[in-house]
Engineer: 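Supplied in structure tokens, the structure appears directly below.
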Amino acid sequence: MKAALCHIGVRSGIMAEQPNAGVEQRTTRFSVRPPTRFVSGTDFTLWIQRVELYMKEAAIPEEKRGQELVSLLAEDDAFRIVSQMGLLCADTVEYAAVKTCLQRQFSPEGVELEWQRRLHTAQQKKTESLTEFAGRLCMLADKAFPSWKAKERLEMARNQFIVHPAETYAGEARHLG
């Protein structure tokens, strides 16, 4: 019996020639690979499209899709958010509820809101120099306001630096920018 491995997108399978009553018969059997686990920072829209394709091609029953979706979350922010929303407490996990929860948090708009929250609550770490703190604020401003002009994002980072410097460095804040 000869076998050849086939790999197309999210599909992988084995094509095998099997003798049947003296006649060679070719059969194709596909097994669908699940998408990679979702971690914060992943493009949610693209990821959920892969998940839905996987669930359709793997013929996962509707009543099991919520549990399957949760199983594809890495144990980071995404899993924590779903858990905190109480979506894992029921006997059956509703796919639509979990998907909606994740979309609100990780869609491009939700991601920008999270970066804005992080920017506005940023504090200088004890081991972080002023330059490192200023750089982190600039990175957060870039992610929080990607549609703003660079000068506006820098001004936002500067304002946050002035508002949140470590107590002992408050006088040095005017040197940023």
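Only a predicted model underlies this, so the values are computations on that prediction, with no experimental measurement involved.
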Engineer: Mind checking what makes salt bridge (charged side-chain N to carboxylate O under 4.0 Å, His left out) contact with E94, not counting sequence neighbours?
Structural biologist: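 By the salt bridge (charged side-chain N to carboxylate O under 4.0 Å, His left out) rule, E94 matches no residue at all.
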Engineer: In the structure I gave you, are the side-chain heavy atoms of N159 and E155 within less than 4.5 Å of one another anywhere?
Structural biologist: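 N159 vs E155: side chains touch.
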Engineer: Apply side-chain contact (heavy atoms from CB on, under 4.5 Å) to S71 and list each qualifying residue two or more places apart in sequence or on a separate chain.
Structural biologist: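 S71 satisfies side-chain contact (heavy atoms from CB on, under 4.5 Å) with E68 only.
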Engineer: I81 vs L102, test: side chain to side chain contact (heavy atoms under 4.5 Å, CB included). Steps then yes/no.
Structural biologist: CA-CA 8 Å; I81 289 164; L102 293 170; 5.6 Å; no
Engineer: Quick one: pull up CZ in R158 and CG in L154 and give me the separation to the nearest 0.5 Å.
Structural biologist: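 It is 8.5 Å, given to the nearest 0.5 Å.
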Engineer: For F79, check ring-ring contact (aromatic ring centres under 6.0 Å, His included) against everything at least two apart and list the hits.
Structural biologist: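 ring-ring contact (aromatic ring centres under 6.0 Å, His included) check on F79 returns nothing, list empty.
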Engineer: Show me the donor-acceptor pairs, under 3.5 Å and distance only, between side chains in residues 133-144 and residues at least two apart or in other chains.
Structural biologist:
{"from": "R136", "atom 1": "NE", "to": "E128", "atom 2": "OE2", "distance (Å)": "2.8"}
{"from": "R136", "atom 1": "NH2", "to": "Q123", "atom 2": "O", "distance (Å)": "2.6"}
{"from": "R136", "atom 1": "NH2", "to": "E128", "atom 2": "OE1", "distance (Å)": "2.9"}
{"from": "D142", "atom 1": "OD1", "to": "R153", "atom 2": "NE", "distance (Å)": "2.8"}

Engineer: Might you point out which heavy atoms bring Y95 and E52 nearest each other, and give the distance in Å?
Structural biologist: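 Nearest heavy atoms, Y95 then E52: OH-OE2, 2.7 Å.
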Engineer: With the side chain counted from C-beta on, respond yes when F161 and L130 share a heavy-atom pair under 4.5 Å apart, and no when they do not.
Structural biologist: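 F161 reaches L130 side chain to side chain.
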Engineer: Show every donor-acceptor pair shorter than 3.5 Å between a side-chain atom in residues 59-67 and any protein atom, with sequence neighbours excluded, or say none if there are none.
Structural biologist:
{"from": "R65", "atom 1": "NE", "to": "I60", "atom 2": "O", "distance (Å)": "2.8"}
{"from": "R65", "atom 1": "NH2", "to": "M55", "atom 2": "O", "distance (Å)": "3.4"}
{"from": "R65", "atom 1": "NH2", "to": "I60", "atom 2": "O", "distance (Å)": "3.1"}

Engineer: Evaluate the criterion side chain to side chain contact (heavy atoms under 4.5 Å, CB included) for residue pair F44 and Q103; output intermediate values, then yes/no.
Structural biologist: CA-CA 7 Å; F44 179 77; Q103 278 176 319; 3.1 Å; yes
Engineer: With side chain to side chain contact (heavy atoms under 4.5 Å, CB included) as the criterion, how do V51 and F38 come out once you've worked through the C-alpha distance, each side chain's angles and the decisive distance to 0.1 Å?
Structural biologist: CA-CA 10 Å; V51 167; F38 180 81; over 6 Å; no
Engineer: Backbone N or O of P35 within a donor-acceptor pair of the R50 side chain at under 3.5 Å?
Structural biologist: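 No; zero donor-acceptor contacts below 3.5 Å.
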Engineer: Indicate the atoms forming the closest heavy-atom contact of A97 with L87, along with that distance.
Structural biologist: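 A97 and L87 have their closest heavy atoms at O-CD1, 3.8 Å.
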Engineer: Where do K99 and I48 come nearest, in terms of heavy atoms and distance?
Structural biologist: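 Looking at all heavy atoms of both residues, the closest pair is CE-CG1, 4.0 Å.
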Engineer: Could you pull out the closest heavy-atom pair between R33 and Y54, with the gap in Å?
Structural biologist: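 The pair with the smallest heavy-atom distance is O-CD1, 3.6 Å.
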Engineer: Could you check whether the rings of F145 and W148 sit parallel, tilted or perpendicular, using 30° and 60° as the cut-offs?
Structural biologist: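 The arrangement is parallel - the two ring planes meet at less than 30°.
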Engineer: List for me each residue that meets salt bridge (charged side-chain N to carboxylate O under 4.0 Å, His left out) alongside R118, sequence neighbours excluded, and say none if there are none.
Structural biologist: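 R118 satisfies salt bridge (charged side-chain N to carboxylate O under 4.0 Å, His left out) with D77, E114 once adjacent residues are dropped.
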Engineer: Could I get the full list of side-chain hydrogen bond (donor to acceptor under 3.5 Å, both in side chains) partners for E152, not counting sequence neighbours?
Structural biologist: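 Once residues adjacent in sequence are excluded, E152 has no partner under the side-chain hydrogen bond (donor to acceptor under 3.5 Å, both in side chains) criterion.
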